[in-house]
Amino acid sequence: MMNYLKKKMKKKENWKMKMMSKTIKLGPLIHRDKFYELKRKNCILVRTSQVGRCWKQFFYSAVGVPQEEPDLKTKKLWEDRSKDEVTIIKNLLKQGYKIRDFGDQQKTYLRSLEFKDDKDKFFPTILQSTPDGMIFDNEIKEWVPLEVKSLNPFKFDHLAARGITELSREHTVQIQGEMISTGKPRAIVVIGNSKLKTVNPLVFKVDCDPQWLNWMEDRIEFVVRIASNNKKYNLIPEYYPGSQKCRWCLYTERCKASFNESILRDLKTSKLKGELDLREDFIEFNKLDDSVKSLRREAEFINDSIQSMYEKIYELVALFIKTGARTIMFRKDKVSIDEFLSMLNRFQLKNDERRLE
């Protein structure tokens, strides 16, 4: 068992908490050479960025299933977000924050996990995390993980109004996992606005949460137990494959194929009287699913056009701000730039709410 805090932090007794204390023992940091040696064997790699996602995605990632190639649109989005995150970190440095191990100097932390249950055999398991950097926390006088996220204006405003507790499950778990792998009691999370770069980012301090750690521990043990005993185990995904929740997953096609096969297999072996009706319903469901996909593609094209328009408007407003202008012509009336941005933000919030429905 390990404690998050070092002995010198005696004043923070209430922060002391044992990591992964129920069924998993956290081992020491391991050298990269040892990692490659274990990887050649039946080693399971638990990435903190995957633990909070759909457990089928987590399972595929843990056992090393090859990922699908992302489309050009997704690639560009990820590249833009990475650039935004580096820009946010550079701005933090200008504001006086002490930051290291970011950008090309990012470090990956690897720790071994040992399972206390002797009934089943577990493959060697490694916990892996790569924080966006390490930032010095003046309050506890220690370097802690830095996680930077560039979110759309709707999510940015939602977090600004309600706080870091409204961050998505996968991001929350990722941050808690980074604290585990680095052995730190706290992480600092910085949220930037992906569209309006002039808006100051949100800075949150996140402490270790026992409830999230227990949730992570149960999830890790469940997936590793299955992976150690049967790599071909067909987990039912948390979301219907191809749905909105799966848009960033790189296992969608594989997941959908196995999902359809398992349903058809269950139907073929079914002894229920309604077997034929179930088959017809399944065929009809696939037809409707194809129609929905076609409509979704059209909707995505329209949303992309609207988003592109917002981006151009934001760029123009940024130019106005640089020239020192305080007002702007809108519908033949002069309005302040702040008022115009507020109206634009309301329009975008309505559009985002419509997309979420």
Side-chain angles (χ1 to χ4, degrees), residues 32 45-54 57-58 61 66-95 97-110 128-135 143-160 164 167-179 181-182 187-204 206 244-252 300 303-304 307-308 310-312 314-315 318 352:
R32 190 167 288 273
L45 186 62
V46 176
R47 296 178 174 88
T48 54
S49 58
Q50 296 290 333
V51 178
R53 299 180 185 274
C54 167
Q57 182 180 354
F58 175 26
S61 168
Q67 294 181 333
E68 297 158 13
E69 187 68 22
D71 57 35
L72 293 176
K73 179 184 172 183
T74 302
K75 274 186 177 178
K76 186 179 184 305
L77 179 66
W78 287 347
E79 288 171 1
D80 291 345
R81 291 287 168 89
S82 296
K83 290 176 183 175
D84 288 347
E85 288 169 6
V86 172
T87 302
I88 290 169
I89 290 175
K90 288 180 178 177
N91 290 336
L92 290 173
L93 287 168
K94 290 177 182 177
Q95 294 175 28
Y97 288 93
K98 297 177 183 177
I99 305 173
R100 70 183 191 197
D101 304 337
F102 66 92
D104 296 335
Q105 304 298 319
Q106 268 184 289
K107 286 186 178 179
T108 298
Y109 294 83
L110 303 162
Q128 173 187 310
S129 72
T130 307
D132 291 321
M134 296 295 285
I135 185 168
W143 291 93
V144 298
L146 169 67
E147 190 59 37
V148 181
K149 299 294 179 188
S150 179
L151 303 181
N152 65 49
F154 174 72
K155 292 181 179 178
F156 179 88
D157 291 340
H158 186 71
L159 286 174
I164 194 63
L167 195 63
S168 65
R169 184 184 77 181
E170 54 262 36
H171 290 158
T172 300
V173 172
Q174 179 186 3
I175 293 159
Q176 293 291 330
E178 287 176 0
M179 286 186 266
S181 59
T182 57
I188 292 181
V189 184
V190 180
I191 309 293
N193 190 317
S194 62
K195 301 304 176 188
L196 196 57
K197 306 295 192 296
T198 55
V199 174
N200 288 329
L202 308 172
V203 180
F204 299 101
V206 180
Q244 184 72 10
K245 291 277 188 179
C246 305
R247 61 183 302 189
W248 309 122
C249 179
L250 298 180
Y251 302 104
T252 305
E300 284 182 357
N303 283 325
D304 288 344
Q307 200 62 37
S308 177
Y310 280 129
E311 289 176 10
K312 289 177 182 177
Y314 278 129
E315 288 173 3
D352 287 336

Begin with the C-alpha distance, continue with both residues' side-chain angles, and end with the deciding distance and a verdict on side chain to side chain contact (heavy atoms under 4.5 Å, CB included) for Asn91 and Lys94.
CA-CA 5 Å; Asn91 290 336; Lys94 290 177 182 177; 4.2 Å; yes

Assess the residue pair Asp71 and Thr74 against the criterion (side chain to side chain donor-acceptor pair (under 3.5 Å)); give the C-alpha distance rounded to whole Å, side-chain angles, the decisive distance to 0.1 Å, and a yes or no.
CA-CA 5 Å; Asp71 57 35; Thr74 302; 2.6 Å; yes

Checking side chain to side chain contact (heavy atoms under 4.5 Å, CB included) for the pair Ile89/Leu146: CA distance, chi angles, key distance, verdict?
CA-CA 9 Å; Ile89 290 175; Leu146 169 67; 4.2 Å; yes

How many angstroms lie between SG in Cys249 and CD in Gln57, if you round to the nearest 0.5 Å?
4.0 Å

Which atom pair, heavy atoms only, marks the closest approach of Phe156 to Ile191?
CE1-O, 3.4 Å

Salt-bridge test for Glu147 and Lys149: reply yes if a basic N is under 4.0 Å from a carboxylate O, no otherwise.
yes

As a quick check of understanding, evaluate side chain to side chain contact (heavy atoms under 4.5 Å, CB included) for Ser61 and Tyr251, giving each step before the final call.
CA-CA 9 Å; Ser61 168; Tyr251 302 104; 4.0 Å; yes

Taking the side chain as every heavy atom from C-beta outward, state whether Tyr97 and Val203 have any pair of such atoms under 4.5 Å apart.
yes

So which heavy atom on Trp248 is nearest to which on Trp78, and how close?
O-CZ2, 3.9 Å

Gly192 versus Pro201, closest heavy-atom pair with distance
CA-CB, 4.2 Å

Closest approach of Ile175 to Ala187 (non-hydrogen atoms, all atoms of both residues)
CG2-CB, 3.8 Å

Kindly indicate, with the supporting measurements, whether the criterion side chain to side chain contact (heavy atoms under 4.5 Å, CB included) is fulfilled by Arg100 and Trp143.
CA-CA 9 Å; Arg100 70 183 191 197; Trp143 291 93; 3.6 Å; yes

If you define the side chain from C-beta out and look only at heavy atoms, does anything of Thr172 sit under 4.5 Å from Arg169?
no

Heavy-atom pair of closest approach, residues Asn152 and Ser194:
CA-OG, 3.4 Å

Interatomic spacing from CZ in Phe204 to CD1 in Ile164 - rounded to 0.5 Å:
5.0 Å

Rounded distance (nearest 0.5 Å) linking atom CZ of Phe58 with atom CZ of Arg47:
10.5 Å

4.5 Å side-chain heavy-atom contact, Thr130 and Tyr109
no

Side-chain donor-acceptor pair under 3.5 Å between Ser129 and Thr48, yes or no?
no

Heavy-atom side-chain proximity of Leu159 to Leu151 below 4.5 angstrom
yes

Report, as yes or no, whether the 6.0 Å neighbourhood of atom CD on Gln95 holds more than 12 heavy atoms from other residues, nucleotides or ligands.
yes

CG-CG distance between Asn200 and Asn193, expressed to the nearest 0.5 angstrom
11.0 Å

Are side-chain heavy atoms of Thr108 and Gln128 found at a separation under 4.5 Å?
yes

Side chain Arg81, main chain Ser150, donor-acceptor under 3.5 Å:
yes

Nearest 0.5 angstrom please: Gln106 CD to Met134 CE, how far?
12.0 Å

Would you mind reporting whether Leu202 and Val190 have side-chain heavy atoms less than 4.5 Å apart?
no

Using a strict cut-off of less than 4.0 Å between a Lys/Arg side-chain nitrogen and an Asp/Glu carboxylate oxygen, indicate whether Asp80 and Lys76 qualify as a salt bridge.
yes

Between Thr252 and Cys246, is there a side-chain heavy-atom distance shorter than 4.5 Å?
yes

Working to the nearest 0.5 angstrom, can you tell me the gap between Gln176 CD and Ser181 OG?
11.5 Å

Side chains of Asp101 and Asp132: does their closest heavy-atom pair fall under 4.5 Å?
no

